[in-house]
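Since the structure is predicted, the reported quantities are computational estimates derived from the model, not experimental observations.
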Amino acid sequence: MSELLVAVLLLLLVLLAVIAVRAADLLLAAIALGAYGFVLSLMWAAIGAVDVAFTEAVVGAGATTVLFLATLLRTSRRRSPAASPVRWLALAVALGTGGVLLGVTRGLPMWGDPASPPALHVSPRYLVRTLEETGTPNAVTSVLADYRGYDTLVETTVILTAGLGCWLLLSPGRK
């Protein structure tokens, strides 16, 4: 059932991405991207990455959609046509990047593999020794705040900087 759900969500993601890219009305594109973020958060939850799902729901489906809609209130809803060579170059770069990413995934262990290195070395330590090493009874909190504290700090700084930049761009008085 889980693999079927993931396949359906992936199909929906592709459909929403095509709608967002092909839409001439930027309001439709913003709504499609908000839906894309929501479906992506469902995808993360379906594969067991609940912390990433929560972040995607808040940032990808929530805050980003609100910022897109606020920008559309200050600008035009219609997209100006782009030059054709730029579109073909963008398509080539996107397909090339996708091909490289698919090629790299061949070397990764299968999803859910109990013999993968993280399942054998990192995860058991986090679950067994989290209370004695961090003093936090919740394993997810200890991973995000203690074991991966610098990573979480940098992610928070990036989100704060992006939000501040959007606020400065959208603030009244800017031309």
Donor-acceptor pair, Thr64 side chain versus Val59 backbone, under 3.5 Å?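 Side chain of Thr64 to backbone of Val59: a pair is present.
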Apply side chain to side chain contact (heavy atoms under 4.5 Å, CB included) to the pair Leu101 and Thr97, showing each step before the final yes or no. CA-CA 6 Å; Leu101 289 173; Thr97 303; 4.2 Å; yes
Closest approach of [X] and [Y], non-hydrogen atoms and distance?
X	Y	value
Thr65	Gly34	OG1-CA, 3.1 Å
Pro114	Leu120	O-CD2, 3.6 Å
Tyr147	Arg125	OH-O, 4.4 Å
Ala61	Gly37	CB-C, 3.8 Å
Leu72	Ala30	CD1-CB, 4.1 Å
Thr130	Ala139	OG1-CA, 4.2 Å

Measuring from [X]:[atom1] to [Y]:[atom2], what's the distance to the nearest 0.5 Å?
X	Y	atom1	atom2	result
Tyr126	Asp146	OH	CG	10.5 Å
Leu33	Leu40	CG	CG	11.5 Å
Leu95	Leu102	CG	CG	10.5 Å

Run Leu69 and Leu27 through side chain to side chain contact (heavy atoms under 4.5 Å, CB included) and show every step you take. CA-CA 7 Å; Leu69 295 176; Leu27 180 61; 3.5 Å; yes
Between [X] and [Y], is there shared hydrophobic-cluster membership here, with clusters defined by ILVMFWY side-chain heavy atoms closer than 4.5 Å?
X	Y	result
Leu5	Leu12	yes
Ile159	Leu67	no
Ile19	Tyr36	yes
Leu26	Val21	no
Leu28	Leu15	yes

Neighbour count >12 (heavy atoms, 6.0 Å) for atom CZ, Phe38: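 Result for CZ/Phe38: open.
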Would you indicate whether Phe68, at its atom CZ, is surrounded by more than 12 heavy atoms from other residues, nucleotides or ligands within a distance under 6.0 Å?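 For Phe68, atom CZ is not crowded (no more than 12 foreign heavy atoms under 6.0 Å).
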Would you call Leu13 and Met43 a side-chain contact if the rule is heavy atoms closer than 4.5 Å?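 Leu13 reaches Met43 side chain to side chain.
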